[in-house]
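All remarks here apply to the structure that follows.
Start at 1 and go down the list; that is how both ligands and their atoms are numbered. Everything numeric in this text was worked out from a predicted model, so none of it was measured.
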Amino acid sequence: MPRIRPARFVHVVYRTRRFDQMIQWYETVFDARVQYQNPVLAFLTYDDEHHRVALINMALVQPAATEADRSGVIGVDHVAYTYASVNDLLENYAYLKEKGILPYWCVHHGVTMSMYYADPDGNQMELQVDAFASSEAANDYMNGPHFAANPIGIEYDPEEILAQLRSGTPGSDFLMRKSDLPVSPIRGSIAA
Ligand SMILES: [Fe+2]
């Protein structure tokens with residue numbers, strides 16, 4: 001079987017203690033627009049991708065930390081790669097599992113079905129599949145009630161989905177987030 005590769009590189013997420021300034025900077029420098037914003041999260045894009053840059057407001061997530069607490073507190077949170085299908089994402093999961101590489105967070109964000117991996121340095125990689133076929137539909141979702149109800153996502157068991165795929169369930173059955181609850185805790189270094 002040929003190796004499964006990402007279809008494209010799609011976004012970077014930064015942790016910041018200068019939330020408003022950062023939003024303004026990305027709007028100015030990249031001519032980006034805010035797709036979705038709440039006090040903790042902002043998603044920006046400059047083209048038809050649903051987000052190219054996202055910002056996490058660490059002033060609210062970890063109010064006791066300071067700008068000088070470099071490790072895990074400010075900087076790059078994760079980068080993201082989009083795969084062509086749910087089957088690709090899950091078969092790639094199975095391939096990596098055989099190599100002893102496992103995701104630390106499997107979450108359906110609503111707009112993407114995602115798996116987060118850490119490289120040996122702890123850099124976080126989000127491998128994802130787009131839930132929506134068009135960017136218009138993704139944009140509508142991000143501005144609708146389901147995303148507002150849960151902009152983090154709901155966790156899923158990759159083994160369960162892999163088993164269903166291998167027994168013939170079409171991958172497209174998993175594209176839509178089935179419910180808005182429960183809201184997953186944010187995992188990864190920002191939770192450390
Ligand atoms: Fe992401």
Side-chain angles (χ1 to χ4, degrees), residues 5-16 19 22-23 25-27 30 32-58 60-62 72-86 88-90 92-93 96 101-119 121-135 137-144 146-156 158 161 174-177 180 183-192:
R5 294 175 179 153
R8 57 212 164 90
F9 173 78
V10 286
H11 70 245
V12 186
V13 177
Y14 299 100
R15 296 182 295 263
T16 181
F19 193 60
M22 287 281 276
I23 291 171
W25 194 89
Y26 281 93
E27 284 175 335
F30 293 102
R33 62 185 184 277
V34 174
Q35 279 284 96
Y36 172 83
Q37 186 180 346
N38 70 25
V40 176
L41 296 168
F43 295 90
L44 294 96
T45 190
Y46 49 74
D47 61 9
D48 58 5
E49 180 68 19
H50 42 75
H51 63 291
R52 290 294 184 186
V53 172
L55 303 167
I56 302 174
N57 186 358
M58 297 310 293
L60 292 185
V61 175
Q62 291 184 342
V73 176
I74 59 165
V76 174
D77 184 78
H78 69 267
V79 299
Y81 298 87
T82 291
Y83 283 72
S85 67
V86 172
D88 275 9
L89 184 72
L90 273 292
N92 185 58
Y93 157 83
L96 293 177
I101 299 170
L102 287 168
Y104 61 82
W105 189 28
C106 294
V107 61
H108 199 308
H109 286 307
V111 75
T112 61
M113 181 175 174
S114 300
M115 294 188 189
Y116 289 77
Y117 288 81
D119 78 7
D121 277 345
N123 296 308
Q124 303 177 90
M125 312 285 145
E126 177 183 15
L127 310 189
Q128 66 179 36
V129 181
D130 269 314
F132 296 96
S134 76
S135 46
N139 292 342
D140 286 350
Y141 182 88
M142 286 182 81
N143 287 294
H146 298 290
F147 200 71
N150 181 354
I152 307 298
I154 59 168
E155 292 183 290
Y156 64 88
I161 292 172
F174 302 98
L175 285 176
M176 290 300 108
R177 193 167 79 186
D180 294 333
V183 179
S184 169
I186 296 177
R187 305 223 183 273
S189 63
I190 60 168

Stepwise side-chain contact (heavy atoms from CB on, under 4.5 Å) test for N92 and M115: CA-CA 11 Å; N92 185 58; M115 294 188 189; over 6 Å; no

Do you see an N/O/S atom of H78, backbone or side chain, under 2.8 Å from the Fe ion (ligand 1)?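 Yes, within the cut-off.
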
If you look at H11, which of its N/O/S atoms is nearest to the Fe ion (ligand 1)?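 For H11, the N, O or S atom at the smallest distance from the Fe ion (ligand 1) is NE2.
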
Can you tell me which N/O/S atom of E126 has the shortest distance to the Fe ion (ligand 1)?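 Nearest N/O/S atom: OE1.
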
Please state whether the rings of F43 and Y36 are parallel, tilted or perpendicular, taking 30° and 60° as the class boundaries.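 Tilted, since the angle between the ring planes falls between 30° and 60°.
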
With ring centroids as reference points, do H109 and Y116 lie under 6.0 angstrom apart?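 Ring centres of Y116 and H109 closer than 6.0 Å.
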
Nearest 0.5 angstrom please: F30 CZ to T45 OG1, how far?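 The CZ atom of F30 sits 11.5 Å away from the OG1 atom of T45.
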
